[in-house]
Amino acid sequence: MTSDDKAQIGAAEAARDFIREIVAADLAAGRAKEVVTRFPPEPNGYLHIGHAKSICLNFGLAQEFGGRCNLRFDDTNPAKEEQEFIDAIERDVTWLGFKWSGEVKYASDYFDRLYGWAVELIKKELAYVDDQSAEEMRLNRGTLTEPGKNSRFRDRSVEENLALFAAMKDGKFAAGKCALRAKIDMASGNINLRDPVLYRIVEASHPRTGTAWKIYPSYDFAHGQSDAIEGITHSICTLEFEDHRPLYDWFIANLSVPSKPHQYEMARLNLTHTLLSKRVLTGLVRGGHVGGWDDPRMPTIAGYRRRGVPPEAIRDFIKRIGVAKANSQVDLGALDFSVREALNKTAWRRMAVLKPIKVVIENYPEGQIEELEAVNHPDDEAAGSRKIKFTRELYIERDDFMEVPEKKFFRMAPGREVRLRYAYFVTCKDVVKNAAGEVTELRCTYDPASKGGNSPDGRKVKATIHWVSAAHSIPAEVRLYNPLFNDPNPSADPEAFASQINPQSLEVLTDARLEPSLAEAKLGVPVQFERQGYFCLDRDSGYAKLVFNRTIGLRDTYAKDVAKDKAAG
RNA sequence: UGGGGGAUCGUCCAAUGGUAGGACUCCAGACUCUGACUCUGGCUAUCUAGGUUCGAAUCCUAGUCCCCCAGCCA
């Protein structure tokens with residue numbers, strides 16, 4: 001297959017969005033021979049679901065059109081960047097299922113060439129060293145409605161600028177003493193064109209270049225030229241960079257760069273009940289509001305991974321929400337849907353009682369143990385089955401019993417017959433209470449003829465509930481997660497966001513009882529606790545202690561109904 | 001008030017002058033040894049006002065509302 005064929009197939013299969021339209025048109029018109037994209041994170045934090053949108057787009061474009069995609073770290077500000085973040089980002093991109101072209105790239109790989117281009121601009125009288133303080137520069141930049149004023153250092157000679165810039169590079173000046181600026185137009189309506197800073201002095205150790213450099217290129221000066229070096233054809237970023245595009249193009253037009261990339265902008269992802277700014281996420285971690293960057297409540301890729309969200313669910317979600325230029329806020333429920341859909345297909349089923357209450361089958365012989373057959377996956381025969389032990393004393397879910405059942409409650413209640421999944425029909429005969437009047441035990445009888453879960457007389461029950469054998473079940477801690485913010489549209493305000501954190505975002509259940517096969521649960525392998533949701537083993541599990549995370553609950557129309565009735569009064 | 005963008009079901013995305021469509025949500029029902037899954041059906045939208053046209057979400061004019069920009073952050 002030729003690359004042309006691949007490109008055509010890619011174009012045909014691709015979900016159509018304005019970026020893919022542009023790429024397809026450029027390929028068709030021969031403006032680009034192949035598509036080359038890049039995912040360019042700054043290693044100053046962990047990747048989150050918003051980055052996943054950019055990752056899926058950039059790597060997806062390369063896959064669909066038979067091109068390639070680079071992973072490039074935009075490491076131009078050593079004051080904020082760390083090796084830990086570089087490592088985490090590589091891990092997360094890989095986990096999401098993407099492979100970058102060749103070696104990992106770094107803007108810092110290009111520091112020498114970038115420096116050379118800065119010299120080129122000075123020689124063309126298109127850049128100058130400005131001795132104004134940051135404060136002075138700000139004052140002279142003007143405002144949104146008033147033009148700025150030229151710096152009094154703007155007309156220095158080429159020789160003087162060259163000497164000064166070299167001195168900056170050699171560490172002759174303290175941070176803030178001066179900066180290299182492009183000479184464009186202090187009166188431009190676009191503030192990015194009012195002599196933007198190209199290089200500044202930074203006194204910090206860089207994770208890769210150490211202290212070799214005293215000066216660092218700004219984002220604007222580094223990004224487009226890095227794209228040009230790598231032969232990027234379509235440089236995709238978010239909307240807030242739209243008015244940087246004229247500057248991006250200005251550098252490409254005025255510098256002897258090896259290729260001419262173009263920048264395109266799309267809306268970033270916003271999710272209800274979620275804050276995705278790096279500042280907020282860093283604040284959540286550093287402020288101790290969560291357990292770390294991979295806390296299962298975090299919207300980070302690492303957080304979703306630990307929570308049990310499979311990478312295909314994230315990819316599916318991103319595909320569903322599309323790409324456009326309109327600011328929007330996607331309902332968290334859409335992510336939930338993708339997660340459930342992915343998990344339903346693959347997760348094996350198990351029985352686990354989260355909040356146990358004891359059940360004694362009075363007419364079942366003491367000491368008797370029966371092995372019953374239970375399937376691993378209802379829609380996948382190849383998944384096989386396992387044996388579960390039935391005994392006289394069991395645990396069922398406390399929520400599956402109501403002493404005084406409301407009209408829509410189908411589960412266990414005094415005098416009512418229900419099915420224990422894969423086992424027998426049982427009827428609740430009596431309720432045992434403690435001194436405080438709380439129900440502590442249910443006394444039931446079973447119908448021996450209903451073994452396996454069906455009664456030969458064709459009798460029906462309205463509910464099937466899960467259970468475990470008291471003696472054979474194993475204890476575990478189960479962690480339930482709720483949104484970090486109850487407000488669907490939380491404020492990212494530094495003061496406000498911490499106070500909006502949902503105090504019930506983490507709920508720990510310490511006396512869950514699991515069917516014994518769950519002792520073999522593996523990290524990273526999802527499992528469905530029947531009628532409850534999808535769960536996964538947490539890395540906090542140890543030799544003597546099992547810890548499970550609830551990735552997401554099953555849809556629960558009964559609970560929703562009850563809540564609705566309550567709201568209606 | 002300068003510059004740059006954007007407005008379509010509750011939400012997200014399509015429709016590129018020719019039947020406003022899909023997904024999520026929601027509602028009603030079927031099925032069910034998971035109140036899950038699956039299946040069936042349904043509700044709901046073109047920011048406003050003019051204009052061009054046989055025909056406008058799309059083109060034109062004038063408005064309205066929303067977002068971004070005044071770091072030596074990215």
Side-chain angles (χ1 to χ4, degrees), chain A residues 15-17 21 40-42 44 74-77 79-81 130 132-134 137-139 141-148 175-181 187-194 196-202 215-216 218-220 222-223 237-246 265 267 269 272 278 317 319-338 340-341 344-345 349 351 374-375 378-379 408-411 419-423 425 452-454 460-466 528-533 553-561:
Chain A
R16 283 280 110 137
D17 55 62
E21 295 285 355
E42 184 190 14
N44 65 345
D74 225 331
D75 55 347
T76 56
N77 183 5
K80 292 185 172 176
E81 297 152 7
D130 194 349
Q132 291 184 107
S133 66
M137 230 188 253
R138 184 174 63 75
L139 260 19
R141 188 151 26 230
T143 67
L144 293 179
T145 53
E146 300 159 50
K177 180 71 182 60
C178 51
L180 184 73
R181 291 228 262 171
S188 173
N190 182 346
I191 291 172
N192 294 295
L193 262 20
R194 317 242 266 229
V197 168
L198 271 30
Y199 267 91
R200 74 282 204 198
I201 298 163
V202 179
I215 57 173
Y216 290 87
S218 61
Y219 162 84
D220 286 304
H223 205 96
C237 60
T238 42
L239 253 25
E240 65 268 30
F241 291 100
E242 256 172 335
D243 46 18
H244 289 239
R245 183 164 14 103
E265 309 86 13
L269 171 66
T272 58
K278 199 105 66 167
F317 167 68
K319 185 190 288 179
R320 283 168 184 276
I321 62 173
V323 179
K325 292 195 75 159
N327 293 112
S328 61
Q329 191 175 35
V330 177
D331 194 310
L332 229 205
L335 210 208
D336 292 346
F337 176 84
S338 291
R340 288 194 186 100
E341 188 179 56
N344 179 45
K345 282 186 207 144
R349 271 92 265 222
M351 293 205 282
V375 303
D379 308 320
K408 290 173 181 167
F409 187 84
F410 303 151
R411 284 105 96 152
R419 171 166 41 229
L420 294 179
R421 189 146 160 88
Y422 298 121
F425 282 11
N454 287 300
K460 300 284 184 209
V461 288
K462 290 202 87 171
T464 299
I465 63 177
H466 59 279
Q528 183 193 100
F529 289 178
E530 294 213 54
R531 302 207 308 127
Q532 307 268 11
L554 254 28
R555 280 184 73 217
D556 189 346
T557 48
Y558 167 69
K560 197 179 295 176
D561 230 36

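Values reported hereafter were calculated over all heavy atoms of this structure, with side chains retained and with hydrogens, waters and symmetry mates removed.
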Taking the side chain of [X] as its heavy atoms from C-beta onward, which of [options] lies nearest to it?
X	options	result
A:E42	B:C73, B:C13, B:C67	B:C73
A:D379	B:C68, B:A14, B:C37	B:C37
A:E21	B:U16, B:C12, B:A70	B:U16
A:A324	B:C13, B:C26, B:U1	B:C13
A:R531	B:U34, B:C73, B:C37	B:U34
A:N190	B:G35, B:G4, B:G3	B:G3
A:K325	B:U34, B:G6, B:C24	B:G6
A:T557	B:G4, B:U34, B:G35	B:G35
A:F337	B:A74, B:U34, B:C24	B:C24

Reckon [X] has a side-chain N or O less than 4.0 Å from the OP1 or OP2 of [N]?
X	N	result
A:R200	B:A74	yes
A:R141	B:C72	yes
A:S328	B:C13	yes

Would you indicate what [X] reaches in the nucleic acid, counting non-hydrogen atoms under 4.0 angstrom: base, sugar-phosphate, or nothing?
X	value
A:T76	sugar-phosphate
A:K278	nothing
A:R340	nothing
A:F409	base
A:L144	base
A:V323	sugar-phosphate
A:A326	sugar-phosphate
A:R421	base
A:H244	base
A:P246	nothing
A:R555	sugar-phosphate
A:Y422	base
A:F241	base
A:N454	base

I'd like the [atom1] distance from [M] over to [N], given in whole Å.
N	M	atom1	value
B:U19	B:U25	C1'	26 Å
B:A74	B:G35	C1'	49 Å
B:A15	B:C68	P	26 Å
B:C13	B:G6	P	13 Å
B:C43	B:G10	P	14 Å
B:G55	B:G18	C1'	7 Å
B:C67	B:C12	P	15 Å
B:G21	B:A14	C1'	7 Å

query = Per the atom types in the model, does the base of B:G35 pair as donor or acceptor with the side chain of A:D556 at under 3.5 Å?
reply =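 Donor-acceptor pair under 3.5 Å: no.
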message = Could you check whether the side chain of A:Q528 and the base of B:U34 have a donor-acceptor pair of N or O atoms closer than 3.5 Å, going by distance alone?
response =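 Side chain to base: pair found, below 3.5 Å.
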[N] pairs with, by Watson-Crick or G-U criteria that keep both distances under 3.5 Å:
N	result
B:G2	B:C69
B:G17	none
B:U61	B:A49
B:A30	B:U38
B:G55	none

Does the distance from a Lys or Arg side-chain N to an Asp or Glu carboxylate O, for [X] and [Y], drop under 4.0 Å?
X	Y	answer
A:E341	A:R320	yes
A:E42	A:K80	no
A:E242	A:K325	yes

request  = Report yes if the ring of A:Y219 lies under 5.5 Å from the six-membered base ring of B:A74 with planes under 30°, and no otherwise.
outcome  =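 No, A:Y219 does not stack on the base of B:A74.
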task = Quick one: sort the A:H244 and A:F241 rings into parallel, tilted or perpendicular, breaks at 30° and 60°.
result =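 Taking A:F241 first and then A:H244, their aromatic rings stand perpendicular (interplane angle over 60°).
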ask   = How long is the line joining CZ of A:R181 and P of B:G71, in whole Å?
value =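 Between P of B:G71 and CZ of A:R181: 11 Å.
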So do the side chains of [X] and [Y] get within less than 4.5 Å of each other, counting heavy atoms only?
X	Y	value
A:I201	A:Y216	no
A:R200	A:N77	yes
A:D336	A:F317	no

request  = Provide the closest heavy-atom pair for A:E146 versus A:R194 in the form atom of the first, atom of the second, distance.
outcome  =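 Distance-wise, the nearest heavy atoms are O-NH2, 2.9 Å.
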message = Which heavy atom of A:I191 sits nearest to which heavy atom of A:L144, and what is that distance?
response =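 Minimum heavy-atom contact is CD1-CD2, 3.4 Å.
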